[in-house]
Amino acid sequence: MFLCRVLNKVIIFSAPSGSGKTTVVNHLLKTIPELGFSISATTRKPRENELNGREYHFLELEDFESKIERNEFLEHEEVYSGIFYGTLNSEIERLWKEGKTVVFDVDVVGGLNIKKKFGSQALSVFLRPPSIDILMERLRKRSTEVEHQLQMRIEKAQFELQFEKQYDMVLINDKLEDTLQKAEEIVRNFIAS
Ligand code: ADP
Ligand code: 5GP
C-alpha cells in the first residue's frame, strides 16, 4: 500500500516590531487555507481592536507563570521589560490535528528557538523593513503604543536586525503589494515541498 504521510510543518515569521508581520501573516491566512495561526499567550493588555483568543490569549502574570511551571510553552520570553509572550504547545497540537501548517508571528529570538526545535520541518522567514527610519515611521503611524513603549520597540529593533543571517530567508518589506506576493510564493512552495 502506498502510504502518504504528510510531514507536519511550521512557518515562522519574525522581525522587529513594526516590520509588517501582522499585515503579512493576516494576508497569508486569508489567501492560503492550509495555514493556521498559532495564537500566543501574552501578559500585555489588549489593543482596542484585539480580542482575547483571536490575536492572543491575554493572561495575567500569575496565569502565565503557572503555565511556565506546568511546561505548557514551547518557548516563552520577556520580549519587553515586564511583558511576557509565549508559544503554547497546545496551539501546535490543535492546528496539526486540523491538518494545518502552523504559522508563528514571534520575535526574533523566539523565532530562532522554534526553528531549532523543528529543524527542516520549519521554514523561518525574517521580514526586514527597508530602513530603521521607515520602521519608526510605520510604528508611529500605527499609533498603538505610547511614546515610552515605542522607544522600547525601536531600541530592540536595532538589536534584532543583527539576526537576519540566521534565518532561512529574508524578505524585505518595501512595497507592500510585492511583499505579499513574495510571501505567498514562499509559503506555497514550502507547503508543496
Ligand atoms: P508588526 O506586526 O511586525 O509589528 P504590522 O503588520 O503591525 O507590524 O505593521 C506595522 C505598520 O506598518 C502597520 O500600520 C501596517 O499597516 C504598516 N505597514 C506594513 N507593511 C507596510 C508597507 N510595506 N508599507 C507601508 N506600511 C506598511
Ligand atoms: P506585539 O505586542 O506588537 O503584538 O508583539 C510584540 C513582539 O512579540 C512581536 O515581535 C511579536 O512577534 C512577539 N511575539 C508575539 N507572540 C510571541 C511568542 O509567542 N513568543 C515570542 N518569543 N514572541 C512573540
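All values below come from the heavy atoms of this structure, side chains included, with hydrogens, waters and symmetry mates left out. Atoms within each ligand, like the ligands themselves, are counted from 1 in listed order. For reference, positions follow the sequence shown, starting with 1.
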Salt bridge or not between [X] and [Y]? Use side-chain N to carboxylate O under 4.0 Å.
X      : Y      : result
Lys141 : Glu137 : yes
Arg70  : Glu72  : yes
Arg54  : Glu50  : no

Hey, is ligand 2 close enough to [X] that some N/O pair sits below 3.5 Å?
X      : answer
Gly86  : yes
Thr87  : yes
Arg142 : no

Could you give me the CA-CA distance, side-chain angles and deciding distance for Arg128 and Glu164, then say whether salt bridge (charged side-chain N to carboxylate O under 4.0 Å, His left out) is met?
CA-CA 8 Å; Arg128 170 149 51 91; Glu164 70 168 53; 2.5 Å; yes
Leu176 heavy atoms within 4.0 Å reach ligand 1 at atoms 20 (N), 22 (C), 23 (N)
For Thr23, counting its heavy atoms only, list the atoms of ligand 1 lying under 4.0 Å from any of them.
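So the answer, numbered in order with elements, is 5 (P), 6 (O), 9 (O), 15 (C), 19 (C).
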So, for Phe126 and Phe13, is the gap between ring centers shorter than 6.0 Å?
no
Tyr80: numbered ligand 2 atoms lying under 4.0 Å from its heavy atoms:
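Ligand 2 atoms under the 4.0 Å threshold to Tyr80: 6 (C).
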Looking only at protein heavy atoms, which one is nearest to [atom], and what is the separation?
atom                    : result
atom 13 (C) of ligand 1 : Arg142 CD, 4.0 Å
atom 11 (C) of ligand 1 : Arg138 O, 3.9 Å
atom 4 (O) of ligand 1  : Gly18 N, 2.7 Å

Which residue from Val108, Asp107, Val109 reaches closest to atom 24 (C) of ligand 2 through any of its heavy atoms?
Asp107
Between the side chain of Lys117 and the main-chain N/O of Leu74, is any donor-acceptor distance below 3.5 Å?
yes
